[in-house]
A.B. asks: 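The structure's right below; bear with me while I get my questions together.
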Amino acid sequence: MLGILLLLFILVPLVELTLLLFLASATDPLFALGLVVVTGVIGSMLAKSQGFATYRRIQAEFASGRMPTDSLFDAILIFVAGVLLITPGMLTDLTGFALLIPPLRKPIKAWLIAWGKKNFKVTTSATVDGFTTTRTSSPQGGATEILDSYVVESRKED
């Protein structure tokens, strides 16, 4: 975990700075600065419009009685894209724009779901008519299901 944090907080800004300095020396410093500002503005507008569209899709799915799992995951990725696009730099802008393009977002979403299923344990429990069902899916695969029930004895007197 420490390695990932070092990568995020030290290596990524260092790469961003190197890319911006290279672009500024290859073109014009004002062009490099303008590019960062323009991509931030365009990216935030795209993230806002896609975020509202996803929000409406989530509401429609809730209204029809379905759980909007796919749309919720899209909303999270669009939020991350917005954060990346506001962050100055070319690498974060490219990653943010990739998350905003639905055909590119789909394989990223599939990979993250597969990673989550492999690394997280999910336990759900439901009680219906006095019967409790607990289902656990583990990172190692497979699922276990435990049924808990009780019997109420009644005697009818004649």
Side-chain angles (χ1 to χ4, degrees), residues 1-127 133-145:
M1 186 66 169
L2 182 62
I4 293 173
L5 289 176
L6 282 174
L7 178 77
L8 285 175
F9 292 117
I10 295 174
L11 190 60
V12 171
L14 187 62
V15 170
E16 291 284 8
L17 185 59
T18 304
L19 288 171
L20 283 173
L21 289 174
F22 176 76
L23 180 66
S25 68
T27 60
D28 181 38
L30 287 178
F31 175 77
L33 182 64
L35 184 66
V36 169
V37 171
V38 168
T39 57
V41 169
I42 291 172
S44 63
M45 290 186 327
L46 281 171
K48 181 180 177 182
S49 68
Q50 283 199 14
F52 280 129
T54 304
Y55 176 70
R56 285 190 295 275
R57 198 168 69 231
I58 290 169
Q59 284 185 322
E61 288 177 16
F62 269 133
S64 68
R66 293 178 304 187
M67 184 64 177
T69 53
D70 198 48
S71 298
L72 287 171
F73 217 96
D74 279 335
I76 292 168
L77 291 177
I78 290 168
F79 175 76
V80 170
V83 169
L84 290 172
L85 287 164
I86 291 172
T87 305
M90 294 176 8
L91 185 65
T92 53
D93 287 347
L94 285 174
T95 307
F97 279 121
L99 289 175
L100 286 180
I101 300 170
L104 292 177
R105 188 171 53 229
K106 191 176 239 180
I108 294 169
K109 188 171 33 174
W111 178 81
L112 285 172
I113 289 171
W115 179 84
K117 285 181 179 179
K118 187 175 106 180
N119 293 301
F120 291 98
K121 180 177 116 176
V122 178
T123 301
T124 57
S125 182
T127 302
T133 302
T134 303
R135 183 172 176 83
T136 302
S137 65
S138 66
Q140 291 78 23
T144 59
E145 191 166 338

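Numbers here are sequence positions counted from 1. Just the heavy atoms: all of them, side chains too, but no hydrogens, waters or symmetry mates, feed the values below.
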A.B. asks: On a heavy-atom basis, which atom in T39 and which in F97 lie closest, and how many Å separate them?
C.D. replies: O-CZ, 3.8 Å

A.B. asks: Side chains of D70 and K109: does their closest heavy-atom pair fall under 4.5 Å?
C.D. replies: yes

A.B. asks: In residues 100-108, what donor-acceptor pairs under 3.5 Å come from side-chain atoms, sequence neighbours left out?
C.D. replies:
from, atom 1, to, atom 2, distance (Å)
R105, NE, D74, OD1, 3.1
R105, NH1, Q50, OE1, 3.0
R105, NH1, L99, O, 2.9

A.B. asks: CG of L72 to CG of L77: how many Å apart, nearest 0.5 Å?
C.D. replies: 11.0 Å

A.B. asks: Return a table of donor-acceptor pairs under 3.5 angstrom between the side chains of residues 19-35 and protein atoms on other chains or two or more places apart.
C.D. replies:
from, atom 1, to, atom 2, distance (Å)
S25, OG, L21, O, 3.3
S25, OG, F22, O, 2.9
T27, OG1, L23, O, 2.7

A.B. asks: Where do T18 and L14 come nearest, in terms of heavy atoms and distance?
C.D. replies: OG1-O, 2.8 Å

A.B. asks: Output a table of donor-acceptor pairs, distance under 3.5 Å, between side-chain atoms of residues 82-89 and any protein atom two or more places apart or on a different chain; print 'none' if there are none.
C.D. replies:
from, atom 1, to, atom 2, distance (Å)
T87, OG1, V83, O, 2.8

A.B. asks: Looking only at heavy atoms, what is the nearest atom pair of P68 and I58, with distance?
C.D. replies: CG-CG2, 3.9 Å

A.B. asks: Checking side chain to side chain donor-acceptor pair (under 3.5 Å) against S71, which of R66, R56, Q59, E61 comes through?
C.D. replies: E61

